[in-house]
Amino acid sequence: MTEILGIESTCDETSAAVVQDGRIVLSNIIASQEEIHEKYGGIVPEVASRKHLEALPVVVEEALNRAGTSIEKIDAIAVSKEPGLPPALTVGYAYAQGLSLANKKPLIDINHLEAHISAIWLVEKGQKAQEIQYPYICLLVSGGHTQLYLVESPIELRILGKTRDDAAGEAFDKIARLLGLGYPGGPIIDKLARNGDEQIFRFPRPMIKSENFDFSFSGLKTAVKREVEKQKVALTRYKDNSDLHKELNNNLITDFAASFQEAVVEVLVEKTIRASCELGVNVITIAGGVSANSRLRELLARACKASGFTLFYPELEFCLDNAAMVAARAYDLL
Ligand code: KG4
Ligand code: ZN
């Protein structure tokens, strides 16, 4: 039995977790800085690193306690080394290094994106991990990255395509900001879109038919921005009747959320399915913060069913940044 302590601080979550045999999550403590960054409408790296520094000793101690273990009993320490916000990464890495040296425990450097992919294996104590056969296609969609992978074994991960500009999560965050909805935008848009009509605005589906597996979301962002401005002008007509103005505005926002989300999700689904068809791989997984999106899960599940592919997704709590996935990835590398 192997117990790994994972540490994560690449962005705005400070997290520590203890995972048994790369699968069973004994603890997964996440201190989020969302509220602080919400004030600024995005992440301020210097603020993030200061908050990580404060939170790290607390979350590590809590993770060990909740798992009913101690640093002496841990087999190895795993830490996200890259990619991420440099000031945030440095703080977490230095802390993990100190812990490893002081306690004579091996330190395993982890790629944060590969950790997201390994989140697929994680389960709570008492549950059984999903049985997934290699090779599989993984769609990794987070705030900083959008990539399609062919995963042939735990250590053979081939990038098939990636975003040329904005990541999918970044697009969600920027559109939410444009609509005055707060940060992070993904979960808010996901929720609002359920009350909206995705047919109202027909936004572009960038690169949906391109032969490669790359993505691009910045043109979509511009198209939404242009339409928002147009609608704002149209709304000024109702300014004198404030109730009507408010109601029209609320409807517009939910329709914008649904129409924008639909455009992103359609591109993601189409390209993932095409990669599976072209490579003859019939197992698909998803990973990263945007993989929590309910419409993505719905449309991808529908497309997989139609094509005869098997779809696996991580538990919601392991989609967003967390340290359990870092420990899971370390186990894959042992
Ligand atoms: O993987 P993650 O926690 O951090 C990075 O490694 O970037 O992903 C965060 C991103 C944010 O952009 C957030 O808006 C997005 O994931 N996100 C979502 C949803 N939940 C989080 N996007 C769409 N729908 C969601 N339900
Ligand atoms: Zn992440």
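Each ligand, and each atom within it, is numbered from 1 in the order the structure gives.
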Pull out every atom of ligand 1 sitting under 4.0 Å from any heavy atom of [X], numbered as shown with elements.
| X | value |
| --- | --- |
| A292 | 26 (N) |
| G169 | 12 (O) |
| H112 | 6 (O) |
| G144 | 7 (O) |
| H116 | 1 (O), 6 (O) |
| L320 | 3 (O), 21 (C) |

- prompt: Starting from atom 20 (N) of ligand 1, which protein heavy atom do you reach first, and at what distance in Å?
  reply: G289 O, 3.4 Å
message: Looking only at protein heavy atoms, which one is nearest to atom 18 (C) of ligand 1, and what is the separation?
response: G186 CA, 3.4 Å
- prompt: Is the distance from the Zn ion (ligand 2) to the nearest N/O/S atom of H112 under 2.8 Å?
  reply: yes
field: Presence of N, O or S from H116 under 2.8 Å of the Zn ion (ligand 2)
entry: yes
field: H145 touching ligand 1 at heavy-atom level, < 4.0 angstrom
entry: no
task: Answer with yes or no whether the side chains of S70 and E72 bring together a donor and an acceptor at under 3.5 Å.
output: yes
Distance-only polar pair, side chains of K271 and S210, donor-acceptor under 3.5 Å: yes
- request: Examine R297 relative to Y313 and say whether NZ or CZ is less than 6.0 Å from the centre of the six-membered ring and inside a 45° cone about the ring axis.
  value: yes
- request: Establish, for the pair K162 and F215, whether the NZ or CZ atom is under 6.0 angstrom from the six-membered ring centre and no further than 45 degrees off its axis.
  value: no
- prompt: Parallel, tilted or perpendicular for H112 and H116, by the 30°/60° rule?
  reply: perpendicular
message: On a heavy-atom basis, I'd like to know which of G143, C11, A167, A176 is closest to atom 7 (O) of ligand 1.
response: G143
message: On a heavy-atom basis, I'd like to know which of L85, D12, D173 is closest to atom 12 (O) of ligand 1.
response: D173
- prompt: Run the side-chain hydrogen bond (donor to acceptor under 3.5 Å, both in side chains) check on S15 and N322 step by step: do they pass?
  reply: CA-CA 6 Å; S15 179; N322 68 87; 5.7 Å; no
- request: Specify side chain, backbone, both or neither for D321, according to which of its non-hydrogen atoms lie closer than 4.0 Å to ligand 1.
  value: both
query: For the residue pair Y136 and Y134, is the inter-centroid distance of their aromatic rings smaller than 6.0 Å?
result: yes
- request: Determine the sole option in F203, F201, F172 for which the ring-ring contact (aromatic ring centres under 6.0 Å, His included) test with F260 is passed.
  value: F172
